[in-house]
Amino acid sequence: MTILVTGGAGFIGSNFVLDWLADPTAEPVVNLDNLTYAGNRANLASLQGDARHSFVHGDICDRALADSLLATHRPRAIVHFAAESHVDRSIHGPGAFMKTNVDGTFTLLEAARAHWGTLAGDAKAAFRFHHVSTDEVYGSLQPGAPAFTEAHPYEPNSPYSASKAASDHLVRAWHHTYGLPVVTTNCSNNYGPYHFPEKLIPLMIVNALAGKPLPVYGDGQQIRDWLYVGDHCSGIRAVLAGGRLGETYNIGGWNEQANIDIVKIVCGLLDELRPDPAGPYARLITYVTDRPGHDRRYAIDARKIERELGWRPAETFATGIRKTVQWYLAHADWVAQVQSGAYRDWVSTNYAARA
Ligand code: NAD
Ligand code: TYD
């Protein structure tokens with residue numbers, strides 16, 4: 001048996017594939033990724049020569065390709081990570097988000113439905129379409145409001161979260177209308193190795209090490225619920241193995257933190273692990289113009305996945321962020337490789353106009 005992973009060259013997808021194949025008894029992985037700016041085969045370099053991993057360079061919007069992969073490999077599950085994932089990019093150019101996140105998910109659902117229709121018996125019963133989504137579909141919480149449960153209304157506020165909400169609705173409808181065996185997970189903000197340095201935590205690490213300003217949007221008091229990526233991967237494995245069909249499961253770290261506190265923690269770890277003779281890294285913190293429509297607070301109530309499947313995060317924020325900073329310090333080559341011309345263009349697009 002095989003699993004088909006989409007977006008497995010990105011941040012979370014590559015962590016998932018590496019974790020999955022770390023188990024010598026794990027099923028092989030077919031990894032479909034079209035290598036956008038966020039996809040990086042270097043994330044998967046340790047799998048070179050491992051016959052259990054097949055990389056396919058292609059687009060999830062390509063129905064003929066999806067049909068042919070499903071017919072050839074007959075996977076028992078599709079784990080769907082592929083997406084445009086950065087809120088700031090969705091503000092500058094929402095089109096790619098609609099294409100990949102909405103149309104791409106629709107294409108995969110249709111391919112999965114056709115494939116599932118050809119299965120019988122145990123193979124049909126075992127098949128799963130696991131949709132990987134985000135807590136951002138629930139919108140923004142007031143201070144002190146209860147954390148998002150799975151019953152929270154969908155109130156997406158950015159083009160990114162609206163496109164993910166649309167994809168979640170498609171997945172739900174394909175279950176209710178066609179009976180497709182789906183599960184959906186809605187996870188909070190991840191951090192860890194191979195995180196592309198356009199997102200808050202890796203951006204702060206790479207900018208600090210380069211002596212560049214650390215751009216904090218608005219007042220820096222926006223709250224996110226941070227989860228180590230390895231814990232997200234174990235949560236997905238738990239839901240894939242035991243989640244109830246048609247259900248959604250929130251995955252979170254029980255770790256609400258204001259952005260400015262995250263930046264200060266990262267600076268403190270760098271002061272300890274790679275002190276800068278010029279002074280503490282926090283001197284580089286610079287408040288800049290806020291993100292339009294910026295959600296103030298996300299927080300996940302992860303009791304359902306714990307109650308039904310016994311999942312809880314293994315890392316605390318203190319252990320996970322230390323591992324993460326150490327990983328970036330040990331992988332200067334990876335950091336240099338991802339800071340291509342296109343990356344520098346993005347930094348200039350996103351930050352040049354922020355006062
Ligand atoms: P990422 O941007 O790092 O990686 C996305 C991957 O998808 C890349 O490898 C890219 O090449 C690939 N891809 C994009 N468009 C494609 C297409 N049309 N066809 C094939 N491949 C395509 O994203 P990530 O942070 O790893 O997020 C993975 C998933 O998890 C996304 O669905 C995202 O919405 C969700 N998620 C992310 C977070 C987070 O904190 N990063 C939190 C919760 C949920
Ligand atoms: P990000 O990593 O882009 O994730 P998301 O928007 O999906 O939560 O941003 C996390 C938080 O950090 C968010 O509140 C925006 C903020 N932020 C900054 O303050 N400065 C930055 O340069 C970036 C990229 C994000």
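Everything numeric in this text was worked out from a predicted model, so none of it was measured. Ligands are counted one by one from 1 in listed order, and the atoms in each one are counted from 1 as well.
Under the 6.0 Å cut-off for aromatic ring centres, Tyr154 and Tyr138 qualify, their centroids lying closer than that. You'll find the ring centres of Phe317 and Tyr228 outside the 6.0 Å limit. Between Tyr194 and Trp327, the ring center distance clears the sub-6.0 Å criterion.
Distance from atom 2 (O) of ligand 2 to its nearest protein heavy atom, with residue and atom name: Leu200 N, 2.9 Å. Of the protein's non-hydrogen atoms, Tyr351 OH, 2.6 Å is the one closest to atom 22 (O) of ligand 2. Protein heavy atom at the shortest distance from atom 6 (O) of ligand 2 is Arg291 NH1, 2.5 Å. In terms of protein heavy-atom proximity, atom 4 (O) of ligand 2 is closest to Asn189 ND2, 3.3 Å. If you check which protein heavy atom lies closest to atom 19 (O) of ligand 2, you get Tyr217 N, 2.9 Å.
Test Thr289, Thr286, Leu203 against Tyr351 for side chain to side chain contact (heavy atoms under 4.5 Å, CB included) and you get one pass: Leu203.
Contact annotation: for Val288 versus ligand 2, there are no heavy atoms closer than 4.0 Å. With a 4.0 Å cut-off on non-hydrogen atoms, Ser133 touches ligand 1 through its backbone and not its side chain. Contacts with ligand 1 closer than 4.0 Å are made by side-chain heavy atoms of Lys164 only, the backbone lying farther away. At a 4.0 Å heavy-atom cut-off, ligand 2 does not touch Asp295 at all. Counting heavy atoms under 4.0 Å from ligand 2, residue Asn259 touches it through the side chain alone.
Distances below 4.0 Å separate heavy atoms of Leu203 from the following atoms of ligand 2: 22 (O). Below 4.0 Å from some heavy atom of Val216 lie the following atoms of ligand 2, by number and element: 19 (O). Proximity to Lys199 (heavy-atom distance under 4.0 Å) selects the following atoms of ligand 2: 2 (O). Close approach of ligand 1 to Tyr160 is summarised as follows: ligand atoms under 4.0 Å from at least one heavy atom of the residue are 33 (C), 34 (O). The ligand atoms of ligand 2 that sit less than 4.0 angstrom from a heavy atom of His86 are 3 (O). Every atom of ligand 1 is numbered from 1 in the order shown, and the set under 4.0 Å from a heavy atom of Ser85 is 1 (P), 2 (O), 23 (O), 25 (O). Close contacts of ligand 1 with Ser188, meaning ligand atoms under 4.0 Å from a residue heavy atom, involve 42 (C), 43 (C). Interface of Asn189 with ligand 1, defined as ligand atoms under 4.0 Å from a residue heavy atom, comprises 40 (O). Within ligand 2, counting atoms from 1 as listed, the ones closer than 4.0 Å to a heavy atom of Pro215 are 18 (C), 19 (O), 20 (N), 21 (C), 22 (O).
Here Arg303 does not pair with Glu306 in a salt bridge; the nearest charged N to carboxylate O distance is not below 4.0 Å. A salt bridge is absent between Glu136 and Lys164; no separation between the charged side-chain nitrogens and carboxylate oxygens falls under 4.0 Å. Salt-bridge check for Glu256 with Arg297: passed, with a basic side-chain N closer than 4.0 Å to an acidic carboxylate O. A salt bridge links Arg354 to Asp88: one of the charged nitrogens lies within less than 4.0 Å of a carboxylate oxygen.
Ligand 1 is approached by Phe81 to a heavy-atom distance shorter than 4.0 Å. Close to ligand 1: Val132, with a non-hydrogen atom less than 4.0 angstrom away. Within the structure, ligand 2 lacks Tyr160 among the residues with a heavy atom less than 4.0 angstrom away. Taking a 4.0 Å cut-off on heavy atoms, Tyr37 fails to register as neighbouring ligand 1. Using a 4.0 Å heavy-atom cutoff, Ala9 is listed among the residues neighbouring ligand 1. Under a 4.0 angstrom heavy-atom cut-off, Gly58 registers as being in contact with ligand 1.
The nearest non-hydrogen atom to atom 12 (C) of ligand 1, considering only Leu108, Asp33, Thr6, Leu32, comes from Asp33. Comparing Glu198, Glu136, Arg89 by heavy-atom distance to atom 5 (P) of ligand 2, the nearest is Glu136. When the heavy atoms of Arg297, Gln222, His294 are ranked by distance to atom 14 (O) of ligand 2, first place goes to His294.
Under the 3.5 Å distance criterion, the side-chain polar atoms of Thr177 are left unmatched by any main-chain donor or acceptor of Trp174. Put simply, the side chain of Asn190 gets close to the backbone of Ser188: a donor and an acceptor are under 3.5 Å apart.
Hydrophobic clustering, with ILVMFWY side chains joined whenever heavy atoms are under 4.5 angstrom apart, keeps Val183 apart from Phe129.
Under the 4.5 Å side-chain criterion, counting only non-hydrogen atoms from C-beta, Tyr249 is in contact with Glu247.
Enclosure of atom CZ in Arg172 is not indicated, since only 12 or fewer non-hydrogen atoms of other residues, nucleotides or ligands lie within 6.0 angstrom.
Relative orientation of the Phe55 and His53 rings is tilted, given thresholds of 30° and 60° on the angle between their planes.
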